[in-house]
Amino acid sequence: MTEMRLTLRLDANGMPLLGHGKIRLLEQIGETGSISGAARAMGMSYRRAWLLVESMNNAFVRPLVAARPGGGGGAGLSAEGEAVLRLYREIEQTTRAAARGPLETLAAMCSSPPSQSHETP
């Protein structure tokens, strides 16, 4: 049977706001305590991670990611960032539950995935 995966992207005013990549970046910042550590963990450049953080911070009333106090460097999720992360995951879970039946039906309608073998007949 075909394995189906539902991904969620939220747009605001016709512009991309949040998707699985930005959410994963927020999670990694929360885990590593820095933007650079999160970027390394995700295999992306620091510049790309910083631009994504900047776009998220600018899209919300309060920043989602903030420098850690104390001058030691690093960054973490603000209370707003933690709330956005939690709400996104809640929306994602609710959407997946609601779509489970139709996704199973759609998966059954798909052809079998190609075999992993690279042999020619």
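The figures that follow rest on heavy atoms only: side chains count, while hydrogens, waters and symmetry mates do not.
- Looking at Arg96 and Glu92, a side-chain N of the basic residue comes within less than 4.0 Å of a carboxylate O on the acidic one, giving a salt bridge.
- Side-chain atoms of Ser36 do not come within 3.5 Å of backbone N or O of Tyr46 as any donor-acceptor pair.
- When all heavy atoms of Ala39 and Ser45 are compared, the closest pair comes out as CB-O, 3.8 Å.
- To the nearest 0.5 Å, atom CG of residue Leu18 and atom CD1 of residue Ile23 are 4.5 Å apart.
- Without hydrogens or angle criteria, Asn57 side chain to Val65 main chain gives a donor-acceptor distance under 3.5 Å.
- Looking at Val84 and Leu64, their side chains come closer than 4.5 Å, going by heavy atoms from C-beta outward.
- Nearest heavy-atom pair across Met4 and Leu103 is CG-O, 3.7 Å.
- Counting all heavy atoms, side chain and backbone alike, Ser55 lies closest to Lys22 at OG-NZ, 3.7 Å.
- Among all heavy-atom pairs drawn from Ile29 and Gly76, the shortest one is CG2-CA, 4.1 Å.
- Residues Arg48 and Leu52 form a side-chain contact, since some pair of their non-hydrogen atoms from C-beta on lies under 4.5 Å apart.
- Taking CG from Leu51 and CE from Met56, the interatomic distance works out to 11.0 Å, rounded to the nearest 0.5 Å.
- Between atom CD of residue Glu90 and atom OG1 of residue Thr95 there is a gap of 10.0 Å, rounded to the nearest 0.5 Å.
- Atoms CG and CZ, from Leu8 and Arg89 in turn, are 9.5 Å apart once rounded to the nearest 0.5 Å.
- Rounding to the nearest 0.5 Å places OG1 of Thr32 at 11.5 Å from CD of Glu27.
- Side-chain atoms of Ser34 do not come within 3.5 Å of backbone N or O of Ala75 as any donor-acceptor pair.
- Ile91 and Leu85 fall within the same hydrophobic cluster, defined by Ile, Leu, Val, Met, Phe, Trp and Tyr side-chain heavy atoms under 4.5 Å apart, directly or through other members.
- Proximity of Arg9 to Pro16: side-chain heavy atoms (C-beta onward) are separated by under 4.5 Å at one or more points.
- The shortest side-chain heavy-atom distance between Phe60 and Leu17 falls under the 4.5 Å cut-off.
- Between atom CZ of residue Arg100 and atom CG of residue Leu6 there is a gap of 11.0 Å, rounded to the nearest 0.5 Å.
- Around the CD atom of Glu54, the shell of radius 6.0 Å holds more than 12 heavy atoms that belong to other residues, nucleotides or ligands.
- What you find for Ala38 and Gln28 is that their closest heavy atoms are CB-CB, 3.5 Å.
- The nearest pair of heavy atoms linking Met42 to Gly21 is CE-O, 3.8 Å.
- Under a cut-off of 6.0 angstrom, the local environment of CZ in Arg24 is crowded, with over 12 non-hydrogen atoms contributed by other residues, nucleotides or ligands.
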